[in-house]
2 protein chains.
Amino acid sequence: MSKEDKREAILQATLELVAEHGFHDAPCSLIAERAGVAAGTIYRYFENKNELIVVLYRELETKINATLLTGYTLEAPFRERFVHLVSGLLQYFIASPLEFKYIEQFHHSPYGVAFRRDKMLGQDEPEGCNIYCELFKQGVTQQVIKDLPLVLLFDLAFGPIISVARNHILGFIQLDATLIQQIAEACWDSLKR
Amino acid sequence: MSKEDKREAILQATLELVAEHGFHDAPCSLIAERAGVAAGTIYRYFENKNELIVVLYRELETKINATLLTGYTLEAPFRERFVHLVSGLLQYFIASPLEFKYIEQFHHSPYGVAFRRDKMLGQDEPEGCNIYCELFKQGVTQQVIKDLPLVLLFDLAFGPIISVARNHILGFIQLDATLIQQIAEACWDSLKR
DNA sequence: GAGTAATGAATGAATGGTCATTCATTATGG
DNA sequence: CCATAATGAATGACCATTCATTCATTACTC
């Protein structure tokens, strides 16, 4: 196994164990075992468990942003662009339940709160500020979406998506393409003027 | 301190410590200390830490449901009833940040997932099924709200509320009565036909 | 190119710390 | 004075992290 493979194996094992059992029941010993390395090896690739967890989160975030950008065109009308992003995110989560669970765990842990706070203070704008931010700000100035603080627009758009994804992944609802579309449109309804 | 007071003190200490530091950094030793009792005393009132945590959750849930019912009238029109419930919940969370944080911690822990699963299987209907369920089901049959599975209606209605409450409590937005009203109405927009 | 030395990645047993829980002992109050 | 409540030191389990040691690979020398 190459060096890069080993690092990857450790990250993958962490993803699986944390997603399934939470941070506290994902001890380094188990992560190492599942990755097929010794416990000490983790520390050759990551300074400590903390760093491992944060690095994994950042890599997932990057991957998601890249995925959402494919097929996103700045020329389409607001509603379409919005629905593309929002239903794309939902589809991604459904296709990657482990990643979704990991991200949720992260967001609700002390790591995640600190991480988010840094981000909000660094730039004075909310999360994955790249595409979403632009879309929302433009929408507000052009008076197609409600005139509310950016953070609240994010909450209205993504709050339901997270909640729906969780319920699908826990098996409480079975989503299909039609439902996903309807949900994305409902989110749009809550934003549009 | 009376027996009841002691039990109450333990629950309160648990609420505070779990809300602030999470389950893992709320050891029994600290809970006991903050409650002004010895560690062993906890086990005279609760079988173990698990039970303590679940009992506290159930008491909070009961309290919230009771609060929301005050001022709720079955005669008002849909939109008003909905906005009453949803903005009431948001106001409750904002007024009780510790409770909100505790509930969120709980929902995202193995306790919470198991708890929810039992609930969903017990009755084949989603959460606080009392008032909300009735309102939503009635709304669907009367064709005032979208014809979507009940679980999804819950997600659309409460997903944003949770998200908004979290951002307020973390200090990322300062909500006032006007904003709360606007948010509740936006949630309604996503449900209404 | 064979033999030897140097390197540094990988290992996993050992360490020190933390935690939930127990229980022998002590305090309380009726 | 007895029954019951409360105590908190002790226990055993578990965990993140360390580090002396092993081992495979590379570099060097003749």
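Chain letters run A, B, ... following the sequence lines, proteins first, then strands; residues in each count from 1.
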Listed partners of [X] passing side-chain hydrogen bond (donor to acceptor under 3.5 Å, both in side chains), at least two apart:
X: B:S190; answer: none
X: A:E20; answer: none
X: B:R34; answer: B:E16

Quiz item: Listed by chain and number, what are the side chain to side chain contact (heavy atoms under 4.5 Å, CB included) partners of B:A39, not counting sequence neighbours?
Solution: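 With neighbours one apart ignored, the set is B:A32.
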Self-check item: For atom CZ of B:R44 and atom C1' of C:dT28, their distance in whole Å
Solution: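 Value for this atom pair: 12 Å.
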Name each donor-acceptor pair under 3.5 Å that joins a side chain in residues 86-96 of chain B to protein atoms two or more places apart or in another chain, with its distance.
unit_1	atom_1	unit_2	atom_2	d
B:S87	OG	B:V83	O	2.8
B:Y92	OH	B:E99	OE1	2.5
B:S96	OG	B:Y92	O	3.2

Quiz item: Who pairs with A:H168 by ring pair (Phe, Tyr, Trp, His ring centres under 6.0 Å), at least two apart in sequence or on another chain?
Solution: none
Quiz prompt | Sugar-phosphate, base or nothing in reach of B:F46, heavy atoms under 4.0 Å | solution = nothing
Exercise. Just call it for A:Y45: base, sugar-phosphate, or nothing, with non-hydrogen atoms closer than 4.0 Å on any strand.
Key: sugar-phosphate
Quiz item: Quick one: does A:R117's side chain have a donor or acceptor within less than 3.5 Å of a partner on B:L170's backbone?
Solution: yes
Exercise. Find which nucleotide of DNA chain C each of A:A38 and B:E47 is nearest to by heavy atoms, and output the residue with the more 5' nucleotide.
Key: A:A38
Practice problem: State, to the nearest 10°, the angle formed by the axis through the first five base pairs of the helix from C:dG1-D:dC30 to C:dG30-D:dC1 and the axis through its last five. | Solution: 20°
List the atom pairs, with distances to 0.1 Å, where a side-chain N or O of residues 173-182 of chain B and a protein N or O form a donor-acceptor pair under 3.5 Å, not counting sequence neighbours.
unit_1	atom_1	unit_2	atom_2	d
B:D176	OD1	B:T178	N	3.1
B:D176	OD1	B:L179	N	2.8
B:Q181	NE2	B:E185	OE2	2.8

Self-check item: Leading and trailing nucleotides of DNA chain D with any atom under 4.0 Å from heavy atoms of chain B
Solution: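 Counting from the 5' end, contacts occupy D:dA5 to D:dG8.
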